[in-house]
Protein chains: 2
Amino acid sequence: MDNDVLRQAPLFSSLDDEAATALGNSMAETTLRRGDVLFHEGDSGDKLYIVTEGKVKLGRSSSDGRENLLAIMGPGQMFGELSLFDPGPRSATVTAVTDATFGSLSHDDLLKWLDGRPMVARGLLSQLAGRLRKSNDVVADLVFSDVPGRVAKALLDLADRFGRTADDGVHVHHDLTQEELAQLVGASRETVNKALADFASRGWLRLEPRSVVIMDLERLSRRAR
Amino acid sequence: MDNDVLRQAPLFSSLDDEAATALGNSMAETTLRRGDVLFHEGDSGDKLYIVTEGKVKLGRSSSDGRENLLAIMGPGQMFGELSLFDPGPRSATVTAVTDATFGSLSHDDLLKWLDGRPMVARGLLSQLAGRLRKSNDVVADLVFSDVPGRVAKALLDLADRFGRTADDGVHVHHDLTQEELAQLVGASRETVNKALADFASRGWLRLEPRSVVIMDLERLSRRAR
DNA sequence: TGGCCGTTGTGAGCCAGACCACGGCTAGGA
DNA sequence: TCCTAGCCGTGGTCTGGCTCACAACGGCCA
């Protein structure tokens, strides 16, 4: 297991060395190739996963086949915990956006950790609370912002988590097609493309396949609010 | 304190008598009149509340003054816990929709309960997980469903929680104006009104001030999906 | 090296739903 | 008893964004 990344994961950052090592040992490792599905919406399952490398998308699809992405998760982030604490089938499909590896923990194993160590419980609670807050923000954006605004916001979020600052701007290799970006902001691919083209024509960013270079963070942020 | 309602609250349903009584004693009671605000979005505060009587709305407002309701909370439901585990200002404004009373618990008091009793931690986790699942559902609805569909879904949810079955249908005294209902589903009052009028003209329900009587649950449910 | 499939760019038309403008109804207060 | 302030009901107009349609551009495999 890649203990370094696990140690940095928000959930375990408060553990001491000995506890972290023990935890690392009780986790199993999984690997996926780009496009592989880890589990489907509706599956049963009670494992929690932490990304150690790569990116995944959490998505759900409507009865008529349209898709919607709830989140993109990168190294250090946790998912699959809903089915643990609120028993029921998986509420989203998880697909690898790049080749990716995860550590996983089963329900029973996690409970052992929970009962003894209040700090783990608090870590989980704050993790869930953060997710809930974010989800509420997404709701507000869907209600209040137009598509270009939501695209700008999504780019800023991706930049924040996956961006590398260079002298010509912030390089964001988000690894998403415009179709996926559209599903993430809840809009059509065409509209997202037009918003991106508009931002590019204003000189706020440069478009590259599955990535963007943000050249004017300031203006982009202003458009996002 | 109204211990009966607290005992029924999902959060504490797993506690034994002695623990529940002790907990009840460590909670303070608050009362509000219809329209009163408990706290505003952006306020600081670290109290968690549980509704013992009445209803409140959790809302947020955009920079240009428009409003959006995240949820309606009734007896037994908990709110305000986000600021506890994910420190930061309150993320929503809480307003009483009817006269209402609450039990409240401060951060410090809650932590005492948490560390000793794994069951309380699990209760909180499952509570939060349920909320997150619901919030994700709302996102999906905003992306996939049209306004009438979202209105139908909201009515069914309210019926489920506040409805009383009588021989002429399910009476739902939701205590919301159509304006508030509109904010809850993320639409304009006019559109919501037209959707309701349409449902009524089909004989699926009867409209009354701040309440509806659902006469054909079957059809309404079908319209909601 | 040519064909093909996944992805990106862009224009045209259409429609759900926001916004605007009323008019009527009811409840509570002077 | 009247007057005012919220609500509720319903039309008309306008537009953001979805759908459809099609072209251009790689990469990748045969």
Side-chain angles (χ1 to χ4, degrees), chain A residues 33-35 57 62 64-69 95 97-98 141-155 172-202 205-213 223, chain B residues 33-35 57 62 64-69 95 97-99 141-155 173-202 205-213 223:
Chain A
R33 311 294 304 269
R34 168 174 172 80
K57 56 177 181 182
S62 71
D64 61 339
R66 283 178 301 160
E67 288 267 342
N68 164 34
L69 298 185
T95 312
V97 168
T98 66
D141 286 341
L142 282 170
V143 172
F144 296 136
S145 305
D146 59 8
V147 171
R150 302 206 298 272
V151 170
K153 213 166 281 192
L155 290 178
V172 188
H173 280 271
H174 50 65
D175 294 301
L176 302 174
T177 65
Q178 292 186 357
E179 178 71 47
E180 288 169 325
L181 201 53
Q183 290 164 354
L184 184 60
V185 301
S188 71
R189 184 197 53 89
E190 293 90 331
T191 311
V192 169
N193 177 285
K194 283 161 193 170
L196 288 171
D198 180 54
F199 294 162
S201 78
R202 291 168 190 271
L205 50 77
R206 194 149 33 85
L207 285 175
E208 293 177 4
R210 296 191 207 284
S211 88
V212 295
V213 182
R223 183 62 182 82
Chain B
R33 310 294 305 269
R34 166 171 174 85
K57 55 178 182 182
S62 71
D64 61 340
R66 283 179 300 159
E67 288 268 343
N68 165 33
L69 299 185
T95 312
V97 168
T98 66
D99 295 353
D141 286 341
L142 282 170
V143 172
F144 295 136
S145 306
D146 59 7
V147 172
R150 301 205 300 272
V151 171
K153 214 165 284 195
L155 289 179
H173 280 271
H174 51 65
D175 294 302
L176 302 174
T177 66
Q178 293 186 353
E179 177 73 45
E180 288 167 325
L181 201 53
Q183 291 165 353
L184 183 61
V185 301
S188 71
R189 183 196 53 90
E190 293 90 329
T191 314
V192 168
N193 178 287
K194 284 162 194 170
L196 288 172
D198 180 53
F199 294 163
S201 79
R202 291 168 191 271
L205 51 76
R206 195 150 32 85
L207 287 174
E208 293 177 4
R210 295 192 209 284
S211 88
V212 294
V213 181
R223 185 60 183 83

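In this text the structure is predicted, and so the values were computed from the model without any measurement. The figures that follow rest on heavy atoms only: side chains count, while hydrogens, waters and symmetry mates do not. Chain identifiers are assigned alphabetically (A, B, ...) following the order of the sequence lines, protein sequences preceding nucleic acid strands; residue numbering begins at 1 within each chain.
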* Partners passing salt bridge (charged side-chain N to carboxylate O under 4.0 Å, His left out) against A:R206 (at least two apart in sequence or in another chain) -> A:D168, A:E208
* To do: Please state how far atom CZ in A:R34 lies from atom P in C:dT7, giving the value in whole angstrom units.
  => 7 Å
* To do: Check for a donor-acceptor pair, side chain of B:H174 on one end and backbone N or O of B:L176 on the other, with a separation under 3.5 Å.
  => yes
* To do: To the nearest Å, give me how far apart CZ (A:R210) and P (C:dT8) are.
  => 6 Å
* Asked: Below 4.0 angstrom from OP1 or OP2 of C:dG9, is there any side-chain N or O of A:Q178?
  -> yes
* salt bridge (charged side-chain N to carboxylate O under 4.0 Å, His left out) partners of A:R210, counting only residues at least two apart -> none
* Asked: Taking atom P of D:dT19 as reference, at what distance in whole Å does atom CD of A:E179 sit?
  -> 11 Å
* A:V172 side chain near A:L155 side chain, heavy-atom distance below 4.5 Å -> no
* Roughly how many Å is it from CD in A:E208 to C1' in D:dC25, rounded to a whole number? -> 16 Å
* Asked: With respect to the side chain of B:R66, which nucleotide from D:dG16, C:dC19, C:dT7 is positioned closest?
  -> C:dC19
* **Carboxylate-amine/guanidinium contact A:D141 A:R150, below 4.0 Å** => no
* For DNA chain D, the residues among residues 188-196 of chain B that have a non-hydrogen atom under 4.0 Å from it -> B:R189, B:E190, B:N193, B:K194
* To do: Check whether any side-chain N or O of A:R66 sits under 3.5 Å from a backbone N or O of B:F144 as a donor-acceptor pair, and report yes or no.
  => yes
* Kindly compute the distance separating CZ (A:F199) from CG (A:L207), expressed to the nearest 0.5 Å. => 10.5 Å
* To do: Would you mind reading off the distance between B:L142 atom CG and D:dC18 atom P, rounded to a whole angstrom?
  => 13 Å
* Structure fact -> Atom CG of B:L176 and atom P of D:dC7 are separated, to the nearest Å, by 12 Å
* To do: Just compare D:dT10, C:dT7, C:dA16 and give me whichever is closest to any side-chain atom of B:A197.
  => D:dT10
* Asked: In Å and rounded to the nearest 0.5 Å, what is the CD to CD distance from A:Q183 to A:Q178?
  -> 12.5 Å
* Structure fact -> Taken to the nearest 0.5 Å, the spacing of A:L196 CG from A:S201 OG works out to 11.0 Å
* Structure fact -> To the nearest angstrom, the CZ-P distance between A:F199 and C:dG9 comes to 14 Å
* Would you call B:D198 and B:K194 a salt bridge, taking side-chain N to carboxylate O under 4.0 Å as the test? -> no
* **Separation of atom CG in B:D141 from atom P in C:dG17, rounded to whole Å** => 13 Å
* **For A:K57, side-chain contact (heavy atoms from CB on, under 4.5 Å) partners two or more places apart** => A:L69, A:I72, A:T95, A:V97, A:E180
* **Overall bend - the helix from C:dT1-D:dA30 to C:dA30-D:dT1, comparing terminal axes fitted on five pairs, nearest 10 degrees** => 30°
Can you give me the N/O atom pairs linking the protein to nucleotides 23-30 of chain C at distances under 3.5 Å, or say none if there are none?
none

